[in-house]
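Just so it is clear, the structure is predicted and the values come from calculations on it, not from any experiment. Indexing begins at 1, ligand by ligand and atom by atom, following the structure's order.
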Amino acid sequence: MSSAIPFLDLIAPHLELERELVGVFRQGLHTAGFVGGPMVEEFEKAFATFCEVGHCVAVSSGTDALRFAMTASGIQPGDVVITVPNTFIATTEAISQAGALPEFIDIDGQTYNMSVDKLQQFLEKQCTRDKSGKLISLRSGRPVTAVVPVHLYGQMADMDSILRLADKYGLTVIEDACQAHGAEYFSKKLNRWMKAGSMGRAAAFSFYPGKNLGACGEGGAVTTNDAALASTSRMLRDHGSVKKYYHDMEGYNGRLDAIQAGLLHVKLPHLAGWNAQRRDRAAGYNQSLASNKVVTLPFEPAWSRAVYHLYVIRTSDREGMMNHLKTAGIGTGIHYPIPLHLQKAYASLNYSEGDFPVAERVASEIVSLPMFPQLTVQQQAKVVEEIQFYCQGSH
Ligand SMILES: Cc1ncc(COP(=O)(O)O)c(C=O)c1O
């Protein structure tokens, strides 16, 4: 059954741009330029400019972008890469596929991003130095070499603090910016607003259709200011080659289709406006739900300009509220219901319930409300009305 108010409307933005998007398909058909070529290169240039970085390498998915960024930044098989448990599994899949081992840090209870205090505690108390001075995780006995903050729901993690700790402990920082195209962070250190994807050694973006900038299929990108890292990422996406049939190393088939690059290039000039609409809708929810004592609203620190890939509230009676909204024809989601350390796929990591209490509690209470640029004021009013109605009746 289709919702009267969908969780996400993927049709409206495409119909708005139908003529230009069809033009890209036509250009692809007429030139048979399906893989590589000018459409990819032009999009890469434009997305690098948007992210305020020197280089963008377009790849086949956000997962590949993460994996290539990690490998190209020198993360070695057997290394430990630190991340959070409340992310999509792609973050840790990429860590494992790069040959490394994920270890988790709990999240901040307000922003739901990596807790800087917990990261500091981990580095100070759960690691040691070996004879050669390498930082070793006491948990696994392996060298800790990198940290992957995830800019969850479109809000950046506290990058100044993470970069300060990373610098102190010699860690590489790879941003998982897959949900954060255009998000900004005010760096006190640099005294200016910084774009997601421009602060770490490298970053990964996803262009999965539902993202703030989505392809009409799969796609992703590595962004970086490091020319060598960019050129290794280019090789990794293309079977380890710079010149056709000359392979300097083994790589992957991880390229972005030219037609997808063209479609993304058509959409890119609209991204800032779409993000502004998302921020506007978030402000609308914040204002109309401010008096509701049953739900916890998203928290945006003064240093953050989030792009609300998702608008996520918390309530102890999640199931009841979601069922009520479903009956009223309103779509919702949970991002994500089971933290990664408790997933079957990671049973071998030997984490247990209670290891990351903040992430576990948050996972049991979060609900993502309808959020997309074309969400109308009337639709939003209806979502708010149903939430208020349910909360009054249930308490
Ligand atoms: C936080 C996060 N990391 C990584 C990914 C992986 O991106 P993709 O689905 O394009 O491989 C996603 C997207 O689903 C994501 O939300």
Side-chain angles (χ1 to χ4, degrees), residues 7-8 10 43 47 51 56-71 81-98 100 102 104-105 107 111-114 146-157 159 162 173-183 196-197 200 202-223 233 236-237 252-257 260-261 263-264 267 278 306-312 333-341 343 345-346 359 362-363 366 368 371-372:
F7 170 64
L8 169 67
L10 270 184
F43 170 68
F47 195 63
C51 295
C56 164
V57 182
V59 300
S60 52
S61 68
T63 313
D64 270 356
L66 278 165
R67 175 161 48 129
F68 298 162
M70 285 188 234
T71 302
V81 176
I82 301 165
T83 193
V84 286
N86 65 331
T87 176
F88 183 53
I89 193 171
T91 314
T92 43
E93 280 175 335
I95 293 171
S96 306
Q97 289 163 7
F104 297 111
I105 299 286
I107 56 168
T111 62
Y112 314 143
N113 278 327
M114 182 177 283
V147 52
V148 179
V150 179
H151 304 325
L152 199 71
Y153 309 149
Q155 170 152 279
M156 286 178 73
M159 289 301 289
I162 291 170
V173 178
I174 307 288
E175 297 169 67
D176 183 335
C178 285
Q179 300 188 2
H181 319 63
F205 287 88
S206 164
F207 302 129
Y208 185 73
K211 299 295 198 249
N212 290 31
L213 179 66
C216 301
E218 304 279 354
V222 175
T223 57
S233 300
L236 285 168
R237 78 171 171 187
Y252 301 86
N253 180 351
R255 300 170 298 245
L256 178 70
D257 282 359
Q260 294 301 342
L263 298 170
L264 287 163
K267 291 180 171 190
R278 285 174 184 271
V307 291
Y308 292 93
H309 170 58
L310 297 168
Y311 183 89
V312 177
I334 304 175
H335 302 87
Y336 300 91
I338 303 178
L340 293 178
H341 67 289
Q343 295 279 1
Y346 293 120
V362 167
I366 43 178
S368 308
M371 168 53 76
F372 48 91

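The protein atom (non-hydrogen) at minimum distance from atom 6 (C) of ligand 1 is Ala90 CB, 3.4 Å. Nearest protein heavy-atom neighbour of atom 3 (N) of ligand 1: Asp176 OD2, 2.8 Å. Looking at atom 4 (C) of ligand 1, its nearest protein heavy atom turns out to be Cys178 SG, 3.4 Å. With respect to atom 16 (O) of ligand 1, the closest heavy atom belonging to the protein is Gln179 NE2, 2.9 Å. What sits closest to atom 11 (O) of ligand 1 on the protein, heavy atoms only, is Thr63 OG1, 2.4 Å.
Of the possible polar contacts, one joining the Thr83 side chain to the Val148 backbone as a donor-acceptor pair under 3.5 Å is found. Using a distance-only test at 3.5 Å, with no hydrogens or angles considered, a donor-acceptor pair links the side chain of Thr223 to the main chain of Gly197. Side-chain atoms of Asn212 come within 3.5 Å of backbone N or O of Val307 as a donor-acceptor pair.
Counting all heavy atoms, side chain and backbone alike, Ile107 lies closest to Asn86 at CG2-OD1, 3.2 Å. The two residues Ala363 and Pro337 have their closest heavy-atom pair at CB-O, 3.7 Å. Closest heavy-atom contact between His151 and Glu175: NE2-OE1, 2.8 Å. Considering every non-hydrogen atom in both Gly254 and Asp64, the closest pair reads CA-OD2, 3.7 Å. Across all non-hydrogen atoms, the minimal contact from Glu218 to Leu256 is O-CD1, 3.8 Å.
Look at Tyr153 and you'll find every heavy atom at least 4.0 Å from all atoms of ligand 1. Distances from ligand 1 to the non-hydrogen atoms of Ala65 include no value under 4.0 Å.
Note: no N/O pair closer than 3.5 Å links Tyr208 and ligand 1 by distance alone. Residue contacts with ligand 1: Leu66 is placed with no nitrogen or oxygen under 3.5 Å of a nitrogen or oxygen of the ligand (distance criterion only). In terms of polar-atom proximity, defined here as any N/O pair under 3.5 Å, Ser206 does make such a contact with ligand 1.
Counting the atoms of ligand 1 from 1 in the order shown, those under 4.0 Å from a heavy atom of Tyr336 are 16 (O). Near Val150, the atoms of ligand 1 lying under 4.0 angstrom from a non-hydrogen atom of the residue are 1 (C). Near Gly219, the atoms of ligand 1 lying under 4.0 angstrom from a non-hydrogen atom of the residue are 10 (O). The contact set between ligand 1 and Thr87, taken as ligand atoms under 4.0 Å from a residue heavy atom, comprises 1 (C). With ligand atoms numbered from 1 in the order given, ligand 1 contributes 3 (N) to contacts under 4.0 Å with heavy atoms of Thr91.
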Pair Tyr252-Phe68, ring-ring contact (aromatic ring centres under 6.0 Å, His included): steps then yes or no
CA-CA 9 Å; Tyr252 301 86; Phe68 298 162; 5.6 Å; yes
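The residue Asp64 has no part lying near ligand 1, judged by heavy-atom distances below 4.0 Å. Heavy atoms of Phe205 found under 4.0 angstrom from ligand 1: none, in either backbone or side chain.
Aromatic ring pairs are classed by plane angle as parallel below 30°, tilted from 30° to 60° and perpendicular above 60°; the pair Phe47 and Phe207 is perpendicular.
The heavy atom nearest to atom 13 (C) of ligand 1, considering only His335, Glu93, Arg67, Lys211, is found in Lys211.
Remark: aromatic rings of Phe205 and His181 are close, center separation under 6.0 Å.
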